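For reference, the structure discussed in these notes is given below.
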Amino acid sequence: MPTDSLTLDRPLDMHLHLREKEMLGLVGPLSAAHFAGAVVMPNLVRPVDSLADLLAYREQVAAATSGHVFMPFMTLFFRDYSDEELAAARPHLLGIKLYPAGATTNSEAGVKAIDAAESTIRRMEEQGIPLLVHGETHGFVMDRESEFLAIYRHLAETFPKLRITMEHITTAGAVALLDAFENLFATVTLQHLLITLDDVAGGLLNPHLFCKPIAKRPEDRAALLAAALGAHPKLMFGSDSAPHPRSRKECCGCAAGVFTAPIALPVLAELFEKHHGLENLQAFVSDNARAIYGVDPPAKSITLSRQPMKIPESYGGTVVPMFAGEEIGWSVRSD
Ligand code: DOR
Ligand code: ZN
């Protein structure tokens, strides 16, 4: 007897780009309609790198998502922070996000050398502040995450009490690393469970599937999917939903980012059902994250049902989602 519906308790998106102003006004409510909370990334045009900025941005997110039960878990953009700055910010944040300089959208102010970052990382370890990492080197694009794994190993060994989240992992090697160090955790996106580089660039180029890290090989996707379907306790769902206006995607010099927030839960239900893993979706989209970070999102449940839905061609006429115009087998029940 196939399952026709599934109710998720407090679904969480542990890696989300909400942007600012009109874009925040457009995408904020879409995430808040389906999720009880989300980890909000700090890579705004001017990065969120002070407590004052963080509090101001949280107000903007709260205003854009008002009317929904939704808790934003805020992050700071990594720079050198003093003990005092960390202590003041700690009650207001989930963690600090480290970007290698220039690795992706709005990361120019990121870290140029990990060694130089270590004094702040040590202070974070002492104060119990998690480190969230965009783990890519500046090497050949397909190898950037694999090359970064040595840095994850180094950080995990040097700072054994530091909680480190490998954000949006894309390789079998990163999955394997989860079991090698107690203090390493990871998020994985929707697109990296579903696509490979072939879907991005194997035929006609699909800019709406172009993101950083770029999608990898079938064996990488298989390892990510097996870990998600098996509810690996150190793996969390983080959409990395990253909206850009159509004009910045369908152009020369396409911006990196796949917009998935409003389709993520039904597509995950379809994927987990297809692989006979529906009973593990709750752990993947909420329980693991709650255990890892000790967060307590507000009470909210979302029912998914096996009712087909056509994915819109765009949201607000400007942001094109993954699978635009296609039909999927599941939808969020609105009642
Ligand atoms: O594809 C991506 N887009 N990867 C990131 O790391 C950042 C994101 C964005 O902010 O657009
Ligand atoms: Zn991201």
Side-chain angles (χ1 to χ4, degrees), residues 12-21 23-24 26-28 30-31 35 38-49 57 61 72-78 94-111 130-138 141-142 144-145 148 165-171 174 185-197 199-201 205-216 236-251 253-261 264 289 315 318-322:
L12 296 172
D13 182 346
M14 298 307 285
H15 183 132
L16 177 64
H17 296 273
L18 284 177
R19 315 295 194 212
E20 298 170 87
K21 305 189 185 118
M23 187 62 94
L24 169 59
L26 174 66
V27 302
L30 297 172
S31 280
F35 292 91
V39 177
V40 181
M41 289 295 135
N43 63 328
L44 305 184
V45 174
R46 209 172 61 78
V48 179
D49 69 353
Y57 188 35
V61 171
F73 297 105
M74 306 305 290
T75 58
L76 276 179
F77 191 96
F78 189 96
L94 176 123
I96 298 184
K97 176 75 186 289
L98 185 152
Y99 290 89
T104 188
T105 309
N106 299 338
S107 64
E108 294 73 20
V111 165
L131 178 70
L132 284 49
V133 184
H134 182 115
E136 289 196 284
T137 66
H138 296 290
V141 68
M142 286 292 280
R144 287 176 189 173
E145 181 174 297
F148 201 92
T165 302
M166 303 186 282
E167 295 293 339
H168 44 55
I169 57 171
T170 59
T171 56
F185 305 88
T187 58
V188 65
T189 72
L190 181 66
Q191 67 266 23
H192 293 114
L193 296 176
L194 287 164
I195 66 169
T196 68
L197 185 60
D199 299 286
V200 186
L205 188 68
N206 186 341
H208 299 293
L209 297 181
F210 172 64
C211 64
K212 296 290 179 66
I214 200 151
K216 303 290 188 312
M236 305 168 268
F237 175 63
S239 70
D240 199 11
S241 180
H244 293 278
R246 186 196 287 268
S247 59
R248 294 280 294 115
K249 294 293 289 177
E250 297 177 2
C251 64
C254 165
V258 181
F259 182 60
T260 55
Y315 288 87
T318 159
V319 181
V320 179
M322 185 179 182

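These numbers were taken from a predicted model, which means no experiment stands behind them. When a ligand or atom number is given, it counts from 1 through the structure's own listing order.
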Is there a polar contact, in the sense of an N or O pair closer than 3.5 Å, between A256 and ligand 1? yes
Could you say whether the N/O atoms of C211 and ligand 1 ever approach to under 3.5 Å? no
Counting each atom of ligand 1 from 1 as listed, which ones have a heavy atom of H134 under 4.0 Å away? 6 (O)
The protein heavy atom nearest to atom 9 (C) of ligand 1 is T105 OG1, 3.3 Å
Using the ring of each side chain (for Trp, its six-membered ring), is Y315 parallel, tilted or perpendicular to F259, with breaks at 30° and 60°? perpendicular
From K249, H208, R19, residue fulfilling side chain to side chain donor-acceptor pair (under 3.5 Å) relative to H244: R19
Ligand 1 atoms in contact with A242 (distance to a heavy atom under 4.0 Å): 3 (N), 8 (C), 9 (C), 11 (O)
Could you tell me if any non-hydrogen atom of D240 lies under 4.0 Å from any atom of ligand 1? yes
Can you name the N/O/S atom of H15 that is nearest the Zn ion (ligand 2)? NE2
Under 4.0 Å from ligand 1, counting heavy atoms only, is it the side chain of N106, its backbone, both or neither? neither
Taking E145 for its side chain and T171 for its backbone only, find out whether a donor-acceptor pair lies under 3.5 Å. yes
On a heavy-atom basis, which atom in H17 and which in Y99 lie closest, and how many Å separate them? CE1-OH, 3.8 Å
Restricting to N, O or S, what is the name of the atom of H17 that lies nearest the Zn ion (ligand 2)? NE2
Name of the residue among T170, V258, I214 meeting side chain to side chain contact (heavy atoms under 4.5 Å, CB included) with H192: T170
Between M322 and L190, the two heavy atoms sitting closest are SD-CD2, 4.4 Å
Which atoms form the tightest heavy-atom contact between A215 and L197, and what is the distance? O-CB, 3.4 Å
Taking 4.0 Å as the limit for heavy-atom contacts, which would you say applies to R19 with ligand 1: side chain only, backbone only, both, or neither? side chain
Which of the atoms in ligand 1, numbered in the order shown and given with their element, are less than 4.0 Å from a heavy-atom of H244? 11 (O)
Does any N or O of ligand 1 fall below 3.5 Å from an N or O anywhere on K212, backbone included? yes
Has Q191 got any heavy atom lying under 4.0 angstrom from an atom of ligand 1? no
In this structure, atom 7 (C) of ligand 1 is nearest to the protein heavy atom T104 OG1, 3.2 Å
Ignoring hydrogens and angles, state whether a donor on the side chain of H15 or E167 is under 3.5 Å from an acceptor on the partner side chain. yes
For N/O/S atoms only: which one belongs to D240 and is nearest the Zn ion (ligand 2)? OD1
For S107 against F77, the heavy-atom pair lying closest together: CA-CZ, 4.3 Å
Is it true that a side-chain atom of S239 and a backbone atom of A261 form a donor plus acceptor pair closer than 3.5 Å? no
